[in-house]
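What follows is a set of notes on a single structure, which appears directly below.
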Amino acid sequence: GYTSNQVKTESMSLSNLTQKGEVLKDEKYIKQLKEGFDKVHPLFYLNQEQRKFLLEKIKITKIVQKVLLYSGSEQHFDDGCWACFILLQGEVHFFTNNATFLDLIQEMSIFGYDGPIFQKRLSIAIAEKDSVIGVISRKDFLTLIHPFSQFATFLSRNIRYKDKVLDDL
């Protein structure tokens, strides 16, 4: 668990992607990602062309120490802040920008796609040591979203839903 102060202290250490871990060239994780295309929501919405593009562009990164992936409470942002992520192994903790715990993921999952789309973060994400994460740059993620594709439709519906739910709060 984290205390509110730990989350806030952690968020002060924002750094660029190259300092967050080491890039792996391990086929095991590429294979895992390929299998996830048919099983993991919303990755199964990607068509063959999008899957091929993603496999060419994704950087599989092993997190060498617990690290802040992004935070909406930061004043300074680097290019890595606008990346999208796919958890392949390990765990990621999510908090509100006020450091209240939101969620924990431990299975393959795509997250952080609000950053590349809006250049805005609505939460804090911290990856645990030894987690393996696929990193998709903002430019590549935006290229991946083909207009009218099933993946783009999912993203727009999900964003509209979150927007409506958050507006009601």
Side-chain angles (χ1 to χ4, degrees), residues 7-24 29 33 36-37 40-43 45-46 49-100 102-105 108-128 131-163 165-166:
V7 172
K8 287 178 180 160
T9 303
E10 196 74 40
S11 70
M12 295 301 143
S13 64
L14 188 62
S15 61
N16 70 38
L17 284 172
T18 57
Q19 294 171 328
K20 293 178 180 171
E22 54 191 62
V23 176
L24 302 176
Y29 296 110
L33 185 57
F37 285 152
V40 177
H41 184 270
L43 295 178
Y45 289 128
L46 294 169
E49 184 184 341
Q50 289 167 312
R51 291 174 184 198
K52 183 175 183 262
F53 179 80
L54 179 64
L55 288 169
E56 288 171 6
K57 299 297 182 176
I58 197 165
K59 289 182 178 53
I60 307 295
T61 305
K62 180 165 184 162
I63 304 301
V64 292
Q65 61 186 24
K66 180 171 58 180
V67 69
L68 174 75
L69 292 173
Y70 58 80
S71 169
S73 64
E74 292 296 318
Q75 300 303 312
H76 164 75
F77 293 98
D78 61 40
D79 290 342
C81 298
W82 308 129
C84 177
F85 303 91
I86 298 176
L87 176 66
L88 297 167
Q89 173 185 304
E91 59 184 49
V92 177
H93 298 256
F94 296 91
F95 301 86
T96 66
N97 287 326
N98 296 326
T100 303
L102 284 172
D103 201 3
L104 163 72
I105 58 170
M108 186 186 289
S109 182
I110 185 169
F111 63 94
Y113 49 80
D114 56 327
I117 295 170
F118 300 112
Q119 289 191 293
K120 181 178 179 181
R121 291 295 184 186
L122 304 175
S123 61
I124 297 169
I126 298 174
E128 288 297 322
S131 295
V132 177
I133 295 176
V135 181
I136 309 156
S137 73
R138 176 177 192 263
K139 177 179 168 259
D140 292 338
F141 183 76
L142 294 176
T143 302
L144 189 65
I145 306 173
H146 299 155
F148 309 109
S149 69
Q150 284 186 303
F151 187 65
T153 301
F154 162 79
L155 291 177
S156 66
R157 284 186 181 151
N158 196 36
I159 289 165
R160 280 199 311 266
Y161 172 77
K162 282 183 179 174
D163 206 34
V165 169
L166 294 174

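For reference, positions follow the sequence shown, starting with 1.
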| field | Distance in Å, Leu144 CG paired with Lys139 NZ, rounded so as to fall on 0.5 Å steps | value | 12.5 Å
| query | Looking at Arg51 and Leu46, what are the two nearest heavy atoms and their distance? | reply | NE-O, 2.9 Å
| field | Shortest non-hydrogen contact from His41 toward Phe154 | value | CE1-CE1, 3.1 Å
| Polar side-chain atom of Thr100 near backbone of Thr96 as donor-acceptor pair, under 3.5 Å | no
| task | With side-chain contact (heavy atoms from CB on, under 4.5 Å) as the test, would you mind laying out the steps for Ile133 and Leu88 before giving the verdict? | result | CA-CA 5 Å; Ile133 295 176; Leu88 297 167; over 6 Å; no
| field | Test side chain to side chain donor-acceptor pair (under 3.5 Å) applied to Tyr29 and Gln89, step by step | value | CA-CA 9 Å; Tyr29 296 110; Gln89 173 185 304; 3.0 Å; yes
| Heavy-atom closest pair, residues Ile86 and Leu43 | CD1-CD2, 4.0 Å
| Does Arg121 reach the main-chain N or O of Gly72 with its side chain, forming a donor-acceptor pair under 3.5 Å? | no
| task | Find out whether Thr153 and Phe148 are in side-chain contact, i.e. whether some heavy atom of one side chain is under 4.5 Å from a heavy atom of the other. | result | no
| field | Working for side-chain contact (heavy atoms from CB on, under 4.5 Å), residues Leu69 and Ile126 | value | CA-CA 6 Å; Leu69 292 173; Ile126 298 174; over 6 Å; no
| request: Determine the minimum heavy-atom distance between Ile145 and Ala152, stating which atoms define it. | output: CG2-CB, 3.4 Å
| request: Would you indicate whether the side-chain heavy atoms of Ile110 and Phe85 approach each other to under 4.5 Å? | output: no
| Nearest-0.5 Å distance, OG1 of residue Thr143 to CD of residue Gln50 | 11.0 Å
| Nearest heavy atoms of Tyr70 and Phe94, plus distance in Å | OH-CE2, 3.5 Å
| task | Give the C-alpha distance, both sets of side-chain angles, the deciding distance and a yes or no for side chain to side chain donor-acceptor pair (under 3.5 Å) between Thr61 and Glu22. | result | CA-CA 5 Å; Thr61 305; Glu22 54 191 62; over 6 Å; no
| message | So which atom in Ile63 and which in Ala127 form the shortest heavy-atom distance, rounded to 0.1 Å? | response | CG1-CB, 4.0 Å
| task | Salt-bridge test for Asp114 and Lys120: reply yes if a basic N is under 4.0 Å from a carboxylate O, no otherwise. | result | no
| said: Quick check against the 3.5 Å criterion: does Ser131 have a side-chain atom that pairs as donor or acceptor with the backbone of Glu91? | reply: yes
| said: Please verify the inter-ring angle class for Tyr113 with Phe141; under 30° counts as parallel, over 60° as perpendicular, anything in between as tilted. | reply: parallel
| message | Apply side chain to side chain donor-acceptor pair (under 3.5 Å) to residues Ser137 and Asp140 and explain how you reach the verdict. | response | CA-CA 5 Å; Ser137 73; Asp140 292 338; 3.2 Å; yes
